[in-house]
There are 2 protein chains.
Amino acid sequence: MATIKDIAKMAGVSVTTVSRALNGYSDVNPKTRDRIKKVAEQLNYSPNALARSLVMSKSHTIGLLVSELNRSGAKDMFTYEVMCGINDAASDENYDLILFSTNPVKQEQKSYSQLCRERQVEGVIMQGIKTDDPYLEEVIESNIPCVLVDVELEGDNVGYVSTDNVFGAQMAMRHLINLGHENIAMMNGHNQARVSQRRLEGYVKALEEAGLPVYDHYVAEGDYLEPKAETEAVKLLTDQPEITAIFCASDLMALGVLRAAERLGRKIPEELSVVGYDDIVLAQYAHPPLTTVAQDKYQIGYESARLLTAMLQQKTKKRKVILDNQLIVRGSTAPPK
Amino acid sequence: MATIKDIAKMAGVSVTTVSRALNGYSDVNPKTRDRIKKVAEQLNYSPNALARSLVMSKSHTIGLLVSELNRSGAKDMFTYEVMCGINDAASDENYDLILFSTNPVKQEQKSYSQLCRERQVEGVIMQGIKTDDPYLEEVIESNIPCVLVDVELEGDNVGYVSTDNVFGAQMAMRHLINLGHENIAMMNGHNQARVSQRRLEGYVKALEEAGLPVYDHYVAEGDYLEPKAETEAVKLLTDQPEITAIFCASDLMALGVLRAAERLGRKIPEELSVVGYDDIVLAQYAHPPLTTVAQDKYQIGYESARLLTAMLQQKTKKRKVILDNQLIVRGSTAPPK
DNA sequence: TTGTATGCGTTATCAG
DNA sequence: CTGATAACGCATACAA
């Protein structure tokens, strides 16, 4: 592995000159620069980023902390698409990405912030973290610049990007209400997720603005799980048969509801309308295809990385980015009979 | 950020002692070690991995090169699940993962091997690389230890992991043949992919062992694209209406074939049997659910990382890992009428 | 058992 | 325009 020292020797100059020549400083004779460049190429030289980072105390690396980088995320491509966005943005901004896996066993031994400090990452993007994750707090306090995906937290070194979940839910609900539905239930996730709370807000808000009553017993918790949503939906629909539509906080749960309807012999969308959330790939392949609120997952990732790099370079005071989302009407919704 | 120097000062010892105490060397007085450890904790010390890597010339990092880390991979979760496996294995072996994005524009400026050398990765895992990718050759020649996913290439510093594609195709075909099919077509991918060639081999082999004729015009190229497969399947089935079954080299293409059948009014599986390959998430949600050859993508990733780390530590002479795959019979296959 | 000195590859400071 | 020299944080050969 050739170093600047080798180049210096071969070109008959000092390492200082080599460094400056290669880094495009202006105070070096064009001739010597050319010579040095030629030698560098000849030696197939690559600068050692480690050494550079060490002396500059800038690693140009950002850490990616994904709490559930495992197969369970496979159905719902959220994680993957966000990662793609992050990757592209990081690449555009010339940052490298290092992947921290947070296998729970290891978390015991080594904390997030330790991991970050060891690897000298300049900042972190955290994804899939629940609001009650103890490690969230840790990173926040560690004063390492940090961008959260879908966790609403702001601070000097902390920002987040999310979509407008209240509005998203409202859109879904308005669609249902405009169709003529009056008895609309909600299949929510669990309460540790901020987004659940937001979507519930939207649900309530839409009902209120339409002058419709809000019933606690119309709201079930599906924990973002397909089977759980299925059993909950069966309960909901047998206990309150007057329900003609269900708004779900995720597509996966909507799939569960679809299944419940099938078990109960209620036809979709004629006898029950279902709206999902996320627009996962499966949504358009469901039968019938799912009406849903789409989030641009790729853009969420992209903006996260952009926000972080901007923060790192103190280019912005902004600490949050809220993206729009969009209602996609497919075949799972119709007017009530 | 505390360094060993700070600790040394505060504990009243030399940096050497600190280094050895913290790294568990035996030749240090238990008392001083305790004292040092306490100080380290007090200072919230984390070793600087960069500096360590520099001096040890071991980065304990492996590079992940994914040729198409983008949204197009979203339907087929292959990339994601493989990554999960890689991540877990790397974590188990205490290696960090750095993500190289290979946006084609940047490839011009900086080659793979340059990227690797800059970041001082000890080895690389490459995924989604086509056999004719010029950069493949580059990495091979660069003598950086490398593990390829689904590209059959072996060498001193090069290994690969793949599944037994010939056998997988054979299983699919035998299933069809046992069902009584005699006119079986194949929807293949493109020929730059080694796996396509292998699966074709299996297709031919199975026909031959059953004493069935092999027709060139029974094989179409769907390029692993759903719409392309659809149009190709329409052609196939209108030109040769005697075909009663199609074996597809990917589930995505099988989905396209399903669509083609629908357009042609041929019922699945009564009037046409379809077998896919991969067992992507969508497969079980298709109508009817797809019979397919499943690969354990997670394990592919896991084994890749294991192989690489073993190579890095010269723990093995093995350079390839072939995983089994498994036929999953669902609703898209039946005996011919 | 502990400390001194040196080097890893790079950039930065400052003097020539 | 160029070159010594120091420094980044750490590990290690060698000396004490």
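Values below: every heavy atom of this structure, side chains too, minus hydrogens, waters and symmetry copies.
Note on B:T16: every side-chain N or O is 4.0 Å or more away from OP1 and OP2 of C:dG3. In this model, the phosphate group of C:dG3 is approached by a side-chain N or O of B:S14 to a distance below 4.0 Å at OP1 or OP2. Between A:K5 and the phosphate of C:dC8, there is a side-chain N or O to OP1/OP2 separation shorter than 4.0 Å. At D:dT2, one or more side-chain N or O atoms of A:T32 fall inside 4.0 Å of OP1 or OP2 (strictly under the cut-off). In terms of phosphate contacts, B:Y25 brings no side-chain nitrogen or oxygen within less than 4.0 Å of OP1 or OP2 of C:dT1. Listed pair A:S19 / C:dT10 fails the phosphate criterion, with no side-chain N or O lying under 4.0 Å from OP1 or OP2.
Looking at the side chain of A:P30, the nearest of the listed nucleotides C:dT11, D:dC1, D:dG9 is D:dC1. For B:T17, the listed nucleotide lying nearest its side chain is C:dT2; candidates were C:dT2, C:dT10, D:dG3.
Within the nucleic acid shown, A:D27 comes within 4.0 Å of at least one base atom, counting heavy atoms only. Residue B:N48 is in sugar-phosphate contact alone, with no base atom involved, counting any heavy-atom pair closer than 4.0 Å across all strands shown. Residue A:S53 is out of contact with every strand shown, counting any heavy-atom pair closer than 4.0 Å. Across all strands shown, B:V15 has no heavy atoms under 4.0 Å from either base or sugar-phosphate atoms. Within 4.0 Å (heavy atoms only), A:S57 reaches no atom of the nucleic acid at all. Here A:V28 lies in heavy-atom contact (under 4.0 Å) with sugar-phosphate atoms only.
Between B:K9 atom NZ and C:dG3 atom C1' the separation is 16 Å, expressed in whole Å. Between the P atom of C:dA5 and the CZ atom of B:R20 lies a distance of 15 Å, rounded to the nearest Å. Summarising the geometry, the separation between CZ on B:R119 and C1' on C:dG9 is reported as 15 Å, rounded to the nearest angstrom. Rounded to an integer number of Å, the gap from NZ of A:K58 to P of C:dA12 is 12 Å. Rounded to an integer number of Å, the gap from CG of A:L50 to C1' of D:dA11 is 15 Å. Atom CE of B:M56 is separated from atom P of C:dG9 by 15 Å (rounded to the nearest Å). Atom CG in B:L43 sits roughly 16 Å away from atom C1' in D:dC10 (whole-Å rounding). Whole-Å rounding puts the B:L54 CG to C:dG7 C1' distance at 9 Å.
Each of B:V13 and B:A51 was matched to the nucleotide of DNA chain C holding its nearest heavy atom; the match closer to the 5' end belongs to B:V13. Nearest-nucleotide positions on DNA chain C for B:N29 and B:V55 put B:N29 closer to the 5' end.
B:S91 places no side-chain N or O within donor-acceptor distance of the main-chain N or O of B:N87, the cut-off being under 3.5 Å. A:T3 contributes a side-chain N or O that, together with a main-chain N or O of A:K5, makes up a donor-acceptor pair within less than 3.5 Å.
A salt bridge links B:R119 to A:D96: one of the charged nitrogens lies within less than 4.0 Å of a carboxylate oxygen. Between A:R319 and A:E154 no salt bridge is recorded (no basic side-chain N to carboxylate O distance below 4.0 Å).
Of the residues listed (B:L148, B:L153, B:V66, B:L64), the one engaging B:M126 in a side chain to side chain contact (heavy atoms under 4.5 Å, CB included) is B:L148, and it is the only one. Of the residues B:V13, B:V15, B:V18, the one that meets the side chain to side chain contact (heavy atoms under 4.5 Å, CB included) test with B:I7 is B:V18.
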